[in-house]
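All remarks here apply to the structure that follows.
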Amino acid sequence: QVQLVESGGVLVQPGGSLRLSCAASGIRLIYETMCWYRQAPGKQRELVASIDGRSRSNYADAVKGRFTISRDNAKNTVYLQMDILKPEDTAVYLCNAKPPYFSSDFGNDYWGQGTQVTVSS
């Protein structure tokens, strides 16, 4: 059974930094595109950052230059380094794994439960 477990979400002051982690089990992270999404109260879930199997990354405009996604396949873990945090970054952050096209699970994404990030003074 595939599980994604996020950690690292806390209350932080504006301008501060956090690093979120997403540890995977039941799956060997090699070719999957890994993503971080976030969902704030009353808002739609939005894609924050993604990194493919070749470690090519993409970011939402709102976080470009402040957030960095990375992956450590040996540890089966994906990270989201968040710097210069703003109150509008407050949300539940969710880890997502997209199986590659050649996988029998292609099209069936895996999701974690999420970790709460609150940016407030």
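Below, all heavy atoms of this structure are taken into account, side chains as well, without hydrogens, waters or symmetry copies.
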Keeping Thr115 on the side-chain end and Gly9 on the backbone end, is there a donor-acceptor pair under 3.5 Å?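 Yes: the side chain of Thr115 pairs with the backbone of Gly9.
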Side-chain donor or acceptor of Glu6 paired with backbone N/O of Gly114 under 3.5 Å: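 Checked: pair present.
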Please give me the minimum heavy-atom distance between [X] and [Y], naming the atom from each residue.
X: Glu32; Y: Arg71; result: O-NH1, 2.8 Å
X: Ser50; Y: Thr33; result: CB-CG2, 4.4 Å
X: Ala91; Y: Gln116; result: O-NE2, 3.5 Å

Who clusters with Val5? Use side-chain heavy atoms, under 4.5 angstrom, across I, L, V, M, F, W and Y, and order the result by chain and number.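 Via sub-4.5 Å side-chain contacts, Val5 links to none.
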Straight-line distance of [X] [atom1] to [Y] [atom2], nearest 0.5 Å:
X: Gln13; Y: Ser120; atom1: CD; atom2: OG; value: 8.5 Å
X: Leu4; Y: Asn96; atom1: CG; atom2: CG; value: 8.0 Å
X: Ser7; Y: Arg19; atom1: OG; atom2: CZ; value: 9.0 Å

Count I, L, V, M, F, W, Y as connected when their side-chain heavy atoms are under 4.5 Å apart, and connections chain through other members. Are [X] and [Y] then in the same cluster?
X: Leu47; Y: Val92; answer: yes
X: Val63; Y: Leu18; answer: yes
X: Val2; Y: Met34; answer: yes

Side chain to side chain donor-acceptor pair (under 3.5 Å) against Gln3, all qualifying residues, sequence neighbours excluded: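 Here no residue qualifies.
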Using the test side chain to side chain donor-acceptor pair (under 3.5 Å), find all partners of Lys64 that sit at least two apart in sequence or belong to another chain.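 Only Asp61 meet the side chain to side chain donor-acceptor pair (under 3.5 Å) criterion with Lys64.
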Any pair counted as salt bridge (Lys or Arg N to Asp or Glu O under 4.0 Å), so long as it reaches residues 88-101, sequence neighbours left out: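 As it turns out, the salt bridge (Lys or Arg N to Asp or Glu O under 4.0 Å) pairs with a partner in residues 88-101, which skip direct neighbours, are Arg38-Asp89, Arg66-Asp89, Lys98-Asp109.
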Using the salt bridge (Lys or Arg N to Asp or Glu O under 4.0 Å) rule, collect all pairs that involve residues 110-121, keeping only residues at least two apart or in two chains.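 Residue pairs with at least one partner in residues 110-121: there are none.
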Ring pair (Phe, Tyr, Trp, His ring centres under 6.0 Å) contacts in which one or both residues fall within residues 35-69, not counting sequence neighbours: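 Residue pairs with at least one partner in residues 35-69: Tyr37-Trp111.
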For the residue pair Ile69 and Val78, establish whether any side-chain heavy-atom pair is separated by less than 4.5 Å.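 Yes. Closest side-chain heavy atoms under 4.5 Å.
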In the structure I gave you, are the side-chain heavy atoms of Val117 and Val10 within less than 4.5 Å of one another anywhere?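 The answer is no; the side chains never approach within 4.5 Å.
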Using distance only, find each side-chain donor-acceptor pair of residues 22-31 under 3.5 Å and give its atom names and separation, not counting sequence neighbours.
| from | atom 1 | to | atom 2 | distance (Å) |
| --- | --- | --- | --- | --- |
| Arg28 | NH1 | Asn73 | O | 2.7 |
| Arg28 | NH1 | Asn76 | OD1 | 3.3 |

ring-ring contact (aromatic ring centres under 6.0 Å, His included) against Tyr101, all qualifying residues, sequence neighbours excluded: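 Residues passing ring-ring contact (aromatic ring centres under 6.0 Å, His included) with Tyr101: none at all.
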Once disulfide bond (SG atoms under 2.5 Å apart) is applied, do any residues pair with Cys35, and if so which ones, sequence neighbours excluded?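 Here no residue qualifies.
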So, using side-chain contact (heavy atoms from CB on, under 4.5 Å) as the criterion, who are the partners of Ser121 when residues are at least two apart?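 With sequence neighbours excluded, Ser121 shows a side-chain contact (heavy atoms from CB on, under 4.5 Å) to Pro14, given in chain and number order.
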Could you tell me which residues satisfy side-chain contact (heavy atoms from CB on, under 4.5 Å) with Asp105, sequence neighbours excluded, listed by chain and number?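 Residues passing side-chain contact (heavy atoms from CB on, under 4.5 Å) with Asp105: Pro99, Ser103, Tyr110.
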Donor-acceptor pairs under 3.5 angstrom involving side-chain atoms of residues 79-86: please list them, not counting sequence neighbours.
| from | atom 1 | to | atom 2 | distance (Å) |
| --- | --- | --- | --- | --- |
| Gln81 | NE2 | Asp83 | OD1 | 2.9 |
| Asp83 | OD1 | Ser17 | OG | 2.8 |

CD of Glu46: more than 12 outside heavy atoms within 6.0 angstrom?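 Buried by this count: over 12 neighbours within 6.0 Å.
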